[in-house]
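Fair warning: this is a prediction, and the values are worked out from it, not measured in the lab.
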Amino acid sequence: MRARLDFSALRHNAARAREWAGGAKFWAVIKANAYGHGQFEAAQALSGLCDGYALLESENAIALRAHGVRAPILLLEGFFCPEEIPALVQHDLTPVIHNAAQLEMLASASASARPAAVYVKLNSGMNRLGFAPENCGAARRRLAELGIREITLMTHFAEADTDLGVAAAMDITRRVAARDFSGLPQSLANSAALIRYPETRGGTRDWARPGILLYGGSPFGVAPSATAEDLRLRPVMTLESRLIATQTLRPGDRLGYGGTFCARRESKVGIVACGYADGYPRHAPTGTPIAVAGVRTQTLGRVSMDMLACDITDIPEAREGAPVTLWGKGEGGQIAADAVAARAGTVSYTLFCAVAPRVPRVIERF
Ligand SMILES: *Cc1c(COP(=O)(O)O)cnc(C)c1O
């Protein structure tokens, strides 16, 4: 089995991000090894198509610099200890400052060893990271005392992909911006907000932060919401394998661990060399979409460690060795990662990130 990567799709999706961003700049979010797609390859493929890269670890950011990345880099959680700060400055990495402990770490660094630019993160209701609205002004003044003047106000939306939307968070953000960050740039929109809420994109000095849309996943999941296809996003990753066995079930025969699938008619079953040890979600139940020999069908029974089963009753060409598409684009069309994820009770983000190291990654198109 293998994960085929089509980086021309990544570039297509980045062009879509550029359209949604209007005049605003955008960070390509490449955290978690570019959502499992490979951070170096993704960064290279996006070179010139985004305005910078956003990720978590300074080690990975420094590795990108060593690979020749000159564009701005944003560290989404900033630094974790004072010892990290000199390297940030040396490699021109912009940290997010989200709590008072980080302000004190900055204060402990010598004046010449402080970054010129930082993001200040406002907690606008997600209650994960960020300063409370009433503490943002003090944080900004503290940064000014420390000689740091290039400040961007940042927040992250908890509900941009739900019916609640961004209105409450935007009210808080606008209030804090007007009171404490007047005239400074902002960075607000993730993929969902960038697509759905134009008011979060900002102007030419502001920066959106799309992630999942770049990889061809919809932040809204599956129909009746806007699917990736509706949004004209193209899948970058295709997870594919082959049938390694076939079985014939008589009515009443059960299949796989726990016998959770029981045949009601005579059925042909294909056994696919792909299981949860490859990153396929174990919670994907009977009925999860899959394609065999280019024909769309469904999984049957429980996913096991190295194998899963699917219905090939009506696919005569599905013999041992037949190609299988778990998600992405196969011969007979697309199996949306979002649709597989929805059946498994999760989101495509987790599918992409979970593809195991044992699965070879093959760059199909750069
Ligand atoms: C992961 C992340 C993003 C990107 O989110 P998507 O939903 O993938 O677009 C943006 N901002 C922050 C702070 C993040 O952690």
Participant: So which heavy atom on Pro72 is nearest to which on Trp207, and how close?
Facilitator: CG-CH2, 4.2 Å
Participant: Hey, mind stepping through Arg70 and Arg65 against side-chain contact (heavy atoms from CB on, under 4.5 Å) and telling me if it holds?
Facilitator: CA-CA 7 Å; Arg70 295 276 155 268; Arg65 289 282 185 243; 4.2 Å; yes
Participant: Tell me if a side-chain donor or acceptor on Arg209 pairs with a main-chain N or O of Ser191 at a distance below 3.5 Å.
Facilitator: no
Participant: Does the Arg361 side chain pair with the main chain of Gly38, one donor and one acceptor, at a distance under 3.5 Å?
Facilitator: no
Participant: If we only count heavy atoms from C-beta on, is the Leu213 to Ser218 side-chain gap below 4.5 Å?
Facilitator: no
Participant: I'd like to know whether Asn60 forms a side-chain contact (heavy atoms from CB on, under 4.5 Å) with Leu56, so could you lay out the CA-CA distance, the side-chain angles of the two residues, the decisive distance to 0.1 Å, and finally the verdict.
Facilitator: CA-CA 8 Å; Asn60 283 329; Leu56 257 73; over 6 Å; no
Participant: Could you grab the distance from atom NZ of Lys121 to atom OG of Ser187, nearest 0.5 Å is fine?
Facilitator: 9.5 Å
Participant: Under 4.5 Å between any side-chain heavy atoms of Pro219 and Asn190, yes or no?
Facilitator: no
Participant: Check for me, please, whether Val236 and Phe40 land in the same ILVMFWY cluster - side-chain distances under 4.5 Å, paths through other members count.
Facilitator: yes
Participant: Would you please say whether a donor-acceptor pair under 3.5 Å links the side chains of Glu159 and Thr162?
Facilitator: yes
Participant: Taking C-beta and beyond as the side chain, do Arg265 and Thr313 meet within less than 4.5 Å on heavy atoms?
Facilitator: yes
Participant: Rounded at 0.5 Å granularity, tell me how far CG in Asn33 sits from SG in Cys353.
Facilitator: 9.0 Å
Participant: Would you verify whether the NZ or CZ of Arg196 falls within 45 degrees of the ring axis of Phe220 while also being under 6.0 Å from that six-membered ring's centre?
Facilitator: yes
Participant: Is Leu103 reachable from Val120 through a run of hydrophobic residues whose side-chain heavy atoms are each under 4.5 Å from the next?
Facilitator: yes
Participant: Taking atom CD1 of Ile290 and atom OH of Tyr280, what is their separation to the nearest 0.5 Å?
Facilitator: 5.5 Å
Participant: One pair to check against side-chain contact (heavy atoms from CB on, under 4.5 Å): Met237 and Val355. What are the steps and the verdict?
Facilitator: CA-CA 10 Å; Met237 182 193 290; Val355 173; 3.8 Å; yes
Participant: Would you say that Asp180 contacts Arg175 through its side chain, given a criterion of any heavy-atom pair below 4.5 Å between the two side chains?
Facilitator: no
Participant: So how far is it from Ser108 OG to Arg114 CZ, rounded to the nearest 0.5 Å?
Facilitator: 8.0 Å
Participant: Look at the side chain of Ser304 and the backbone N and O of Asp306, then say whether any donor-acceptor pair between them is shorter than 3.5 Å.
Facilitator: no
Participant: Within the side chain of Asn99, is there an N or O that forms a donor-acceptor pair under 3.5 Å with the backbone of Ala101?
Facilitator: yes
Participant: So, His37 versus Phe352, ring centres under 6.0 angstrom or not?
Facilitator: yes
Participant: To the nearest 0.5 Å, how far apart are CZ in Arg234 and CG in Leu10?
Facilitator: 10.0 Å
Participant: Is the centre of the Tyr35 ring less than 6.0 Å from the centre of the Tyr215 ring?
Facilitator: yes
Participant: For Ala263, does its backbone N or O pair with a side-chain atom of Arg250 as donor and acceptor, under 3.5 Å?
Facilitator: no
Participant: Apply the test salt bridge (Lys or Arg N to Asp or Glu O under 4.0 Å) to residues Arg365 and Asp6: give CA-CA distance (whole Å), side-chain angles for both, the deciding distance (0.1 Å), then the verdict.
Facilitator: CA-CA 5 Å; Arg365 232 179 311 162; Asp6 174 2; 3.4 Å; yes
Participant: What verdict does the side-chain contact (heavy atoms from CB on, under 4.5 Å) test give for Asp206 and Arg201, after you've listed the backbone C-alpha separation in whole Å, the side-chain angles of each residue and the deciding distance to 0.1 Å?
Facilitator: CA-CA 7 Å; Asp206 303 313; Arg201 297 168 189 166; over 6 Å; no
Participant: Might you point out which heavy atoms bring Ala14 and Leu46 nearest each other, and give the distance in Å?
Facilitator: CB-CD2, 3.5 Å
Participant: Heavy-atom distance under 4.5 Å between the side chains of Glu199 and Val166, does that happen here?
Facilitator: yes
Participant: State whether a side-chain donor-acceptor pair under 3.5 Å links Ser58 with Glu84.
Facilitator: yes
Participant: I would like to know whether Glu364 and Arg4 meet salt bridge (Lys or Arg N to Asp or Glu O under 4.0 Å); could you show each step before the answer?
Facilitator: CA-CA 6 Å; Glu364 176 193 23; Arg4 259 196 297 122; 3.0 Å; yes
Participant: Is Tyr119 reachable from Leu122 through a run of I, L, V, M, F, W or Y residues, each pair having side-chain heavy atoms under 4.5 Å apart?
Facilitator: yes
Participant: Heavy atoms only: give me the nearest Ala160-Tyr197 pair and the separation to one decimal.
Facilitator: O-CE1, 3.5 Å
Participant: Where is the tightest heavy-atom contact between Pro289 and Ile335, given as atom of each residue plus distance?
Facilitator: O-CG2, 3.8 Å
Participant: Checking salt bridge (Lys or Arg N to Asp or Glu O under 4.0 Å) for the pair Glu104/Arg142: CA distance, chi angles, key distance, verdict?
Facilitator: CA-CA 9 Å; Glu104 289 325 299; Arg142 185 82 178 111; 3.6 Å; yes
Participant: I'd like to know if the side chain of Thr152 reaches the main chain of Gln186, judged simply by a donor and an acceptor atom lying under 3.5 Å from each other, with no hydrogens or angles considered.
Facilitator: no
Participant: With rounding to the nearest 0.5 Å, note down the distance linking CG in Asp338 to CD in Glu229.
Facilitator: 11.0 Å
Participant: Test your reading of the model: is there a side-chain donor-acceptor pair from Arg296 to the backbone of Ala291, 3.5 Å cut-off?
Facilitator: no
Participant: Which heavy atom in Thr246 sits nearest to a heavy atom in Ala318, and how many Å separate them?
Facilitator: CG2-O, 3.9 Å
Participant: Evaluate the side-chain proximity of Val324 to Leu243: yes if any heavy-atom separation is below 4.5 Å, no if none is.
Facilitator: yes
Participant: Leu146, Val118: one ILVMFWY side-chain cluster at the under-4.5 Å cut-off?
Facilitator: yes
Participant: Is the side chain of His283 donor-acceptor paired with the backbone N or O of Arg343 at a distance under 3.5 Å, no angle test?
Facilitator: no
Participant: Using side-chain heavy atoms (C-beta onward) and a distance below 4.5 Å, is Met1 in contact with Glu240?
Facilitator: no
Participant: Determine yes or no for a side-chain-to-main-chain donor-acceptor pair under 3.5 angstrom, with Asp311 supplying the side chain and Gln298 the backbone.
Facilitator: no
Participant: Heavy atoms only: give me the nearest Gln102-Gly78 pair and the separation to one decimal.
Facilitator: NE2-CA, 3.9 Å
Participant: Any sub-3.5 Å donor-acceptor pair from Lys268's side-chain atoms to Asp314's backbone N or O?
Facilitator: no
Participant: Please examine the side chains of Leu75 and Thr94, heavy atoms only from C-beta on, and report whether any two atoms are closer than 4.5 Å.
Facilitator: no
